[in-house]
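Written out below as structure tokens is the structure these notes cover.
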Amino acid sequence: LSSAALQGRWVTDRSASTAYTVLALPDNNSSTITQAWALAQDGSGLARLVIESDGQAAGTLYSFKGRAPVAISGTASLNSSATPKTLSLPGLSTVNTRLTQSDTLSGSAVLADVAGSWSGAVSGGSKTVNWTVAAAGGVLAGTSSTGCVYSGSLASVSAAKVFTVVFSESCSDGSAAGYTGVTTMSPDGTRLTTVAVANDRAKAIAFLLSR
């Protein structure tokens, strides 16, 4: 399973017990690894998977509903002869979840396209946020309805229409965490989705924002 074959946005069909949108991206440090981010469309959680070239996949399923993170593993499989291509991933449900490629994410991400103000929900609607992204340097700043402050930056990925994102969250209740993840923009430029895992791997977060 090469990263080139797996790269893209993948979605489950409507018959799935839990629908997911998956981003599959080449690893920055290894040509034999694909990084996958699987966001539940109902806002219930996020899975973070590493897929090896031999199909072995492992990672963590994070809940946005208060449950503890769960380790997941299994075998991924790709049907590259199908039109569009299909991908099967372990750990997202009791059986391997079948996904269809909806976008190859080919091209390059451009910071100027995401510059401006964004607002929306965090992690299944637990709170709302307002973010701004600067075209110069991709500087990110924001606040939430629950008293959290965000600061960080986005960086363009040259080989895919994706941004890497690094940011910190500091909240009025004294909690704080640093996160690393990826950001994508919808084809029409009106929606911004960020998925990230805390640097200590204890939790994950997702932002669904619009202009």
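Keep in mind that what you see is a predicted model, and the values were worked out from it rather than measured.
A side-chain donor-acceptor contact under 3.5 Å links S93 to the backbone of V95. Under the 3.5 Å distance criterion, the side-chain polar atoms of S88 are left unmatched by any main-chain donor or acceptor of S77. The closest donor-acceptor contact from the side chain of S170 to the backbone of A176 lies at 3.5 Å or more, if one exists at all. The main-chain N or O of T128 is found under 3.5 Å from a side-chain atom of S145 such that the two form a donor-acceptor pair. With hydrogens and angles disregarded, a donor-acceptor distance shorter than 3.5 Å links the side chain of T12 to the backbone of Y20. No donor-acceptor pair closer than 3.5 Å links the side chain of R211 to the backbone N or O of R191. The closest donor-acceptor contact from the side chain of S156 to the backbone of A109 lies under 3.5 Å.
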- Query: Hey, mind stepping through L209 and T194 against side chain to side chain contact (heavy atoms under 4.5 Å, CB included) and telling me if it holds?
  - Reply: CA-CA 8 Å; L209 310 179; T194 295; 5.7 Å; no
- Task: Any chance you could lay out the side chain to side chain contact (heavy atoms under 4.5 Å, CB included) test for L105 and L23, step after step, and finish with the verdict?
- Result: CA-CA 9 Å; L105 296 175; L23 296 177; 4.0 Å; yes
- For the pair T86 and R98, evaluate side chain to side chain contact (heavy atoms under 4.5 Å, CB included) and give the outcome as yes or no after the intermediate values. CA-CA 7 Å; T86 60; R98 184 173 178 270; 3.3 Å; yes
- Using the side chain to side chain contact (heavy atoms under 4.5 Å, CB included) rule, take V182 and V157 through it: C-alpha gap first, then chi angles, then the decisive distance, then the call. CA-CA 10 Å; V182 295; V157 173; over 6 Å; no
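Distance NZ/K203 to OG/S63: 13.5 Å, rounded to 0.5 Å. A distance of 4.5 Å separates CZ in F207 from CH2 in W131, rounded to the nearest 0.5 Å. Distance CG/D113 to CZ/F163: 6.5 Å, rounded to 0.5 Å. To the nearest 0.5 Å, atom CG of residue L25 and atom OG1 of residue T184 are 9.0 Å apart. A distance of 10.0 Å separates CG in N79 from NZ in K85, rounded to the nearest 0.5 Å. The OG atom of S106 sits 7.0 Å away from the CG atom of D103 when rounded to the nearest 0.5 Å.
Criterion: ILVMFWY side-chain heavy atoms under 4.5 Å apart, direct or through other members. Under it, F167 and V133 are part of a common hydrophobic cluster. Taking hydrophobic clusters as Ile, Leu, Val, Met, Phe, Trp and Tyr residues chained together by side-chain heavy-atom distances below 4.5 Å, L192 shares a cluster with V122. The same ILVMFWY cluster, assembled from side-chain heavy atoms under 4.5 Å apart, contains both L111 and L140. In the hydrophobic clustering of this structure, M185 groups with V165; members are Ile, Leu, Val, Met, Phe, Trp, Tyr whose side-chain heavy atoms approach within less than 4.5 Å, directly or through other members. L154 and I205 fall within a single hydrophobic cluster, where Ile, Leu, Val, Met, Phe, Trp and Tyr side chains are chained together by heavy-atom contacts under 4.5 Å.
Listed here is the closest heavy atom pair of S144 and V129: CB-CG1, 3.7 Å. Taking each heavy atom of Y179 and E169 in turn, the nearest pair found is OH-OE1, 3.7 Å. Among all heavy-atom pairs drawn from T75 and Q56, the shortest one is OG1-NE2, 3.2 Å. Between N130 and S119, the closest heavy-atom pair is OD1-CB, 3.1 Å. The shortest heavy-atom contact between A134 and A115 is C-CB, 4.2 Å. What you find for A204 and L46 is that their closest heavy atoms are CB-CD2, 3.7 Å.
Judged by distance alone, the side chains of T34 and S3 do bring a donor and an acceptor atom under 3.5 Å apart. When only modelled atom types and interatomic distance are considered, Q41 and T21 share a side-chain donor-acceptor pair under 3.5 Å. A donor and an acceptor atom, one from each side chain of S168 and S151, are located under 3.5 Å apart.
Side-chain contact between T183 and V114: absent, with no pair of heavy atoms (C-beta onward) separated by less than 4.5 Å. Considering only heavy atoms from C-beta on, L49 comes within 4.5 Å of I72 through its side chain. Using a 4.5 Å heavy-atom cutoff, the side chains of R201 and Y62 are in contact. Using a 4.5 Å heavy-atom cutoff, the side chains of S210 and T190 are not in contact. Looking at V22 and L89, their side chains come closer than 4.5 Å, going by heavy atoms from C-beta outward. When side chains are defined from C-beta on, Q7 does not count as touching T104, because their heavy atoms never get closer than 4.5 Å. Side-chain contact between L208 and L39: present, with at least one pair of heavy atoms (C-beta onward) separated by less than 4.5 Å. In this structure, the side chains of N199 and T180 come closer than 4.5 Å at one or more pairs of heavy atoms.
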